[in-house]
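The structure is given below, and queries will be raised subsequently.
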Amino acid sequence: MSDALRICVLAAADALDAARSELGILDGAAGDGDHGMTMSIGARNVRRRLQALPSDTSPGDLLRAIGLAMADVGGAIGPLYSAAIGAMAAELDQGPAGGNADLARLHRAAAAAETAIVDLGHAVPGDKTLIDALHPFVLALGTAEASSPDLDAAVAQAVDASATGALSTADMVARVGRASRLGDRSRGLPDAGATSFSIIVRAMADAYRGARTGHG
Amino acid sequence: MSDALRICVLAAADALDAARSELGILDGAAGDGDHGMTMSIGARNVRRRLQALPSDTSPGDLLRAIGLAMADVGGAIGPLYSAAIGAMAAELDQGPAGGNADLARLHRAAAAAETAIVDLGHAVPGDKTLIDALHPFVLALGTAEASSPDLDAAVAQAVDASATGALSTADMVARVGRASRLGDRSRGLPDAGATSFSIIVRAMADAYRGARTGHG
Amino acid sequence: MTSGAGPSRGVLKKLINDPFDAVDEMLDGFVAAHADVVRLIGERVVARHQTGRPKVGLVIGGGSGHEPAFAGYVGAGLADAAAVGNVFAAPSPDACLEAIRAASTGVGVLLSYGNYTGDVLNFGIAAGRAVAEGIDVRTVLVTDDVASAPKAEIDRRRGIAGDAIVFKCAGAMAERGATLDQVERVALAANAATRSMGVALSPCEVPGAGRLSFEVADDQIEIGLGIHGEPGMRRGPLLTADATAQILVDTILGDFEQPSGNDVALLVNGLGATSHLDLYILYRAARRVLEDAGNTVSRSMVGEYVTSLEMAGASITVTRLDDELKALLDDPARAARMIR
Amino acid sequence: MTSGAGPSRGVLKKLINDPFDAVDEMLDGFVAAHADVVRLIGERVVARHQTGRPKVGLVIGGGSGHEPAFAGYVGAGLADAAAVGNVFAAPSPDACLEAIRAASTGVGVLLSYGNYTGDVLNFGIAAGRAVAEGIDVRTVLVTDDVASAPKAEIDRRRGIAGDAIVFKCAGAMAERGATLDQVERVALAANAATRSMGVALSPCEVPGAGRLSFEVADDQIEIGLGIHGEPGMRRGPLLTADATAQILVDTILGDFEQPSGNDVALLVNGLGATSHLDLYILYRAARRVLEDAGNTVSRSMVGEYVTSLEMAGASITVTRLDDELKALLDDPARAARMIR
Ligand SMILES: Nc1ncnc2c1ncn2[C@@H]1O[C@H](COP(=O)(O)OP(=O)(O)O)[C@@H](O)[C@H]1O
Ligand SMILES: Nc1ncnc2c1ncn2[C@@H]1O[C@H](COP(=O)(O)OP(=O)(O)O)[C@@H](O)[C@H]1O
Ligand SMILES: [Mg+2]
Ligand SMILES: [Mg+2]
Ligand SMILES: [Mg+2]
Ligand SMILES: [Mg+2]
């Protein structure tokens with residue numbers, strides 16, 4: 001489980017590097033243009049921290065280390081991710097349980113992450129922030145949990161929901177963060193942080209499936 | 001005569017304004033790019049000085065005023081032109097005499113201008129400076145003076161000689177002035193100061209002919 | 001991305017190495033060049049050499065790319081420490097906390113920085129930890145950018161070149177041996193009296209981003225920009241210095257209680273690529289608009305104070321002065337990039 | 001050309017009015033912003049406020065577009081007057097003479113300026129007139145630009161950022177009350193000990209010229225440029241800061257008597273558009289090259305000292321120090337744009 005988590009996290013780091021220029025463009029359209037570079041710095045920090053951790057590190061400790069790596073990044077995004085990841089760590093401490101229990105725990109972890117980010121940043125859906133990709137992600141996990149026990153299917157639906165949520169921010173006007181100064185001029189392109197979130201969860205989901213089915 | 005001189009000088013000022021961008025390009029190719037603007041500032045200074053002078057001002061005093069206006073410009077070109085114009089002023093003080101005497105005086109005046117510039121700047125033909133347009137101008141006047149008394153024909157030949165001289169600087173390597181630092185890289189385009197000199201004398205000659213034949 | 005061996009393959013040409021090393025190499029060079037004034041603590045804190053005597057600490061900071069802000073304003077009569085972030089990214093909580101510790105001599109620490117989400121979050125986390133360590137911490141946010149929010153939401157405004165004014169006044173007050181209450185009070189007063197408006201003529205590029213911060217047509221400018229290469233509030237045609245100053249100063253004066261009868265400091269700040277020739281012409285124009293409106297300019301600052309990498313453009317900052325602020329601006333200061 | 005009403009229709013965007021008024025408006029703004037330090041005499045002379053006591057006068061100057069040079073270096077411990085020319089054009093003989101008169105208190109005047117044909121001609125004419133007026137005038141030309149002529153013709157070299165070093169040393173010596181001989185001697189010594197090399201990344205535009213000073217490909221730089229947007233000696237690929245510093249410093253060291261064992265001042269000068277981030281990274285790189293070659297960097301200056309309008313690029317200046325030059329660099333100075 002810890003190995004699988006490592007693989008997923010490193011996949012997310014690579015996906016962020018690949019998206020650096022795109023994320024810079026999105027952040028620059030309305031904000032200050034650093035998000036691509038900032039997330040790449042985060043990816044580098046995360047890789048370094050993971051290398052330093054023994055292979056038997058628990059998933060919770062692994063996440064806490066990743067949270068610290070993200071805190072080092074600074075910017076608005078650093079504290080938000082580090083708080084979110086710290087909250088998820090608590091959920092993962094119980095370790096795996098199989099079947100629906102995993103899905104339930106993932107749902108709780110994602111919900112805890114959202115709560116942590118909202119507590120810190122006070123953004124609500126519609127503010128054109130990563131919340132607009134994270135909130136539908138959490139909702140989709142909840143809906144899936146209520147209907148079927150299939151973790152992969154649930155994750156796939158949640159990833160799609162976050163992607164849709166990220167795209168939907170294109171029509172939104174930024175109300176918080178750097179971009180808010182622009183008012184209506186911030187409309188047009190999707191939010192950088194929402195986009196990077198959807199990139200992260202898709203990369204992790206793909207890597208997780210690949211790792212389990214051995215096509216990783 | 002003084003009126004004709006005014007007309008010629010103002011024609012030269014207009015021609016320099018029209019050539020500002022071209023002269024800037026030539027100076028910028030190897031030097032510091034200011035020659036177009038510097039000569040336009042000179043043109044403005046000259047217009048102001050002429051306006052301040054009474055209409056009965058003698059040609060010599062008119063030229064001395066123009067020399068002061070050029071001195072105000074600064075740069076390398078200001079002192080060179082102001083010394084040259086000052087030297088010409090002395091020649092013009094005798095006033096017109098008609099026929100070959102005018103041509104002889106013009107020749108002496110041009111030669112005095114060349115001497116003044118060489119005394120100050122120590123450039124020799126081939127150094128890629130305005131001397132390469134002025135020197136053939138003086139030579140042509142001398143040749144014409146020896147052969148025929150026709151002032152217009154002599155001036156026309158001298159103007160053509162200065163234009164040819166200016167163009168010939170394209171193949172030269174700058175040895176003095178700002179451009180000399182470049183060595184071989186200064187080859188290719190004609191020298192800015194040689195070009196502006198040939199523009200000035202052509203504009204004055206055209207205006208003089210126009211003024212006399214009434215097509216001014 | 002570029003390797004340490006190759007040049008920075010960005011849109012704009014830069015004299016850097018690996019963009020991932022840019023901030024750390026800059027700090028390494030900065031503390032080496034100004035070792036008489038500052039030292040590096042850890043990786044991202046620039047601190048003034050200890051004086052021994054207790055004084056209220058002033059901690060400033062923010063993202064990189066605004067040089068000489070913020071590290072350039074650390075020194076006698078100014079800040080005690082600056083927390084340094086990545087380019088256009090607020091410093092981490094650890095860096096902020098390190099800076100607070102370095103500035104603390106037991107009589108309290110004032111944090112002052114521009115009002116941006118990232119800075120508020122990171123400095124806020126650090127402030128909480130510092131308080132837990134028993135340090136008396138106060139915070140004064142700089143909010144001089146009139147373009148960043150309407151007057152009704154004045155507390156949401158961002159900090160731009162007004163930083164230099166607020167830091168100078170607070171730093172001078174702390175150097176005089178004032179209490180934390182007094183230093184906080186003058187910082188609040190300086191910020192309340194300060195307004196800025198800027199224009200951008202050309203964009204900048206975050207090292208490694210591989211793209212310009214925004215695109216603007218050859219005959220257009222961005223009015224009401226921030227200091228991060230953001231697009232401005234609105235776009236307009238390129239104007240003369242006189243017309244530009246009129247727009248910027250009118251907006252500032254319209255935001256003051258009274259637009260005339262003020263004794264002011266006028267700061268003209270270059271954003272990076274604009275020549276000193278232009279800055280002094282803009283200063284002249286701004287000063288005329290202020291004086292024509294019935295104000296007196298009694299203090300002036302012209303140069304690069306809070307930049308946006310190599311962006312072309314400038315901002316105008318006006319501070320309404322009373323005798324106290326005037327004296328604080330005049331107090332001696334010996335920072336690497338601000339000497340009085 | 002542009003009218004006062006319209007913006008400057010050049011290739012690069014500028015915050016100016018009518019380009020024909022640019023220099024006079026800049027000076028008007030400059031003396032208004034720095035009225036505590038300088039005053040304007042006539043149209044083109046910036047002079048320090050009279051001190052009353054006799055001292056050797058230091059007169060500097062040159063074309064505009066190099067701000068903060070030259071007017072920014074007028075003040076206590078530095079120059080007494082600066083003659084200001086049009087953009088990239090030496091000041092007129094009248095301006096130079098006015099500056100000499102303003103600086104003269106009867107004990108002699110040293111003229112120091114970059115070695116350019118135009119400056120030599122105009123200052124030379126003025127010097128002749130001043131001597132005729134009974135003023136004891138000496139001249140020390142600044143010739144630090146290694147790229148501008150081979151060592152065999154060292155006297156033909158131009159002056160670039162080394163101006164700041166030579167002016168600082170001569171100004172400090174004059175402020176100490178030294179004789180004209182002594183001031184001339186240290187100016188000659190400072191110039192003889194100083195070498196510079198620069199790179200340009202992008203061109204500049206003379207206001208009103210309507211064209212860029214040169215064209216350079218996106219992945220190319222000009223090596224060995226002057227400070228007038230001239231093309232450099234040669235063109236090369238864009239390199240990292242480390243590789244650029246290696247080339248520039250190696251060229252400088254190769255021009256010294258001995259390339260190692262020197263105690264030096266290192267000045268990294270921004271040409272206008274290059275960010276402070278880049279300048280400090282370049283400083284770090286240059287310092288390492290100097291130290292790796294066995295030299296000690298004991299004095300440092302990083303910033304914009306002698307610019308080329310809004311040109312992107314930087315120059316590196318190295319001065320071999322002895323105790324006298326070190327002390328002169330450390331002496332107090334209070335010019336508008338150089339305070340020690
Ligand atoms: N208050 C907030 N709550 C939630 N997300 C936020 C908030 N402020 C900013 N963000 C997210 O952070 C992203 C910007 O991240 P980044 O560019 O790294 O930081 P900065 O805004 O400091 O430059 C935005 O696109 C947005 O998604
Ligand atoms: N020593 C000299 N003798 C004669 N002409 C010179 C000399 N130096 C420069 N020039 C002329 O001056 C021109 C440059 O003029 P300008 O650009 O106005 O002055 P600057 O060289 O100071 O920028 C050159 O193109 C050249 O023709
Ligand atoms: Mg951002
Ligand atoms: Mg020239
Ligand atoms: Mg940012
Ligand atoms: Mg010139």
Side-chain angles (χ1 to χ4, degrees), chain C residues 4-8 13-17 22-23 25-30 32-34 64-65 67-68 72 87 199 201-202 204 207 218 221 237-244 272-285 287 300-304 307 309-310 312 314 337 339-340, chain D residues 4-8 13-17 22-23 25-30 32-34 64-65 67-68 72 87 199 201-202 204 207 218 221 237-244 272-285 287 300-304 307 309-310 312 314 337 339-340:
Chain C
S8 166
K13 295 180 205 169
K14 295 175 188 279
L15 284 169
I16 64 174
N17 299 304
V23 171
E25 289 184 352
M26 168 191 70
L27 286 176
D28 188 30
F30 183 85
H34 305 296
S64 291
E67 293 68 32
V87 175
V199 287
L201 309 188
S202 75
C204 59
D218 289 351
I221 60 173
L238 177 62
L239 301 168
T240 61
D242 287 352
T244 305
T274 291
S275 72
H276 302 248
L277 181 85
D278 296 35
L279 295 180
Y280 280 106
I281 291 171
L282 187 65
Y283 167 86
R284 171 183 179 272
R287 182 176 179 128
S300 301
M301 297 161 80
V302 182
E304 294 182 347
T307 62
L309 290 171
E310 62 281 286
R337 301 306 295 268
I339 304 180
R340 284 283 177 285
Chain D
S8 165
K13 294 181 206 169
K14 295 176 187 279
L15 283 170
I16 65 175
N17 299 305
V23 171
E25 289 184 353
M26 169 191 68
L27 287 176
D28 189 29
F30 183 86
H34 306 296
S64 290
E67 294 68 30
V87 175
V199 286
L201 309 187
S202 74
C204 58
D218 289 352
I221 59 173
L238 176 62
L239 302 168
T240 62
D242 287 351
T244 306
T274 291
S275 73
H276 303 248
L277 182 85
D278 297 35
L279 295 181
Y280 280 107
I281 291 172
L282 187 64
Y283 168 86
R284 171 184 180 270
R287 183 176 178 126
S300 301
M301 298 161 80
V302 182
E304 294 182 346
T307 63
L309 290 170
E310 62 282 286
R337 302 306 296 268
I339 304 181
R340 284 282 177 287

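Given the structure is predicted, the values throughout are model-derived calculations rather than measurements. Residue numbers start from 1 in every chain, and the chains themselves are labelled A, B, ... in the order their sequence lines are given, proteins ahead of strands.
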Next on the checklist: Nearest 0.5 angstrom please: Asp242(C) CG to Ile16(D) CD1, how far?
Outcome noted: 11.0 Å
Next on the checklist: If you count heavy-atom pairs within less than 4.5 Å of chain C, which of Ser300(D), Ala273(D), Ala312(D) leads?
Outcome noted: Ala273(D)
Checklist entry - Checking heavy atoms, do the side chain of Arg337(C), its backbone, both or neither come under 4.5 Å from chain D? => result side chain
Checklist entry - Pick from Ile221(D), Leu282(D), Thr274(D), Ile339(D): which one has the most heavy-atom pairs with chain C under 4.5 Å? => result Ile339(D)
Checklist entry - Looking only at heavy atoms, which two atoms of Met26(C) and Leu277(D) are closest? And how far apart? => result SD-CD1, 3.2 Å
Checklist outcome for this item: Rounded to the nearest 0.5 Å, the CD atom of Glu310(D) sits from the NE2 atom of His276(C) at a distance of 11.0 Å
Checklist entry - Looking only at heavy atoms, what is the nearest atom pair of Ala22(D) and Ile281(C), with distance? => result O-CD1, 3.5 Å
Checklist entry - Does any non-hydrogen side-chain atom of Leu15(C) lie less than 4.5 Å from one of Val199(D)? => result yes
Checklist outcome for this item: Applying ring pair (Phe, Tyr, Trp, His ring centres under 6.0 Å) to Tyr283(C) and not counting sequence neighbours gives none
Next on the checklist: Out of Ser64(D), Ala285(D), Pro68(D), return the one with the most heavy atom pairs under 4.5 angstrom to chain C.
Outcome noted: Pro68(D)
Checklist entry - Given the options Ser202(C), Ala314(C), Ala32(C), Ser275(C), which has more heavy-atom pairs under 4.5 Å with chain D than any of the others? => result Ala32(C)
Next on the checklist: When you measure from the side chain of Asn17(D) to the backbone of Thr240(C), do you find a donor-acceptor pair of N or O atoms at a distance under 3.5 Å?
Outcome noted: no
Checklist outcome for this item: salt bridge (Lys or Arg N to Asp or Glu O under 4.0 Å) filter on Arg284(C), not counting sequence neighbours, yields Glu25(D), Asp28(D)
Next on the checklist: Heavy-atom pairs under 4.5 Å with chain C - which of Arg340(D), Glu304(D), Arg287(D) has more of them than the others?
Outcome noted: Glu304(D)
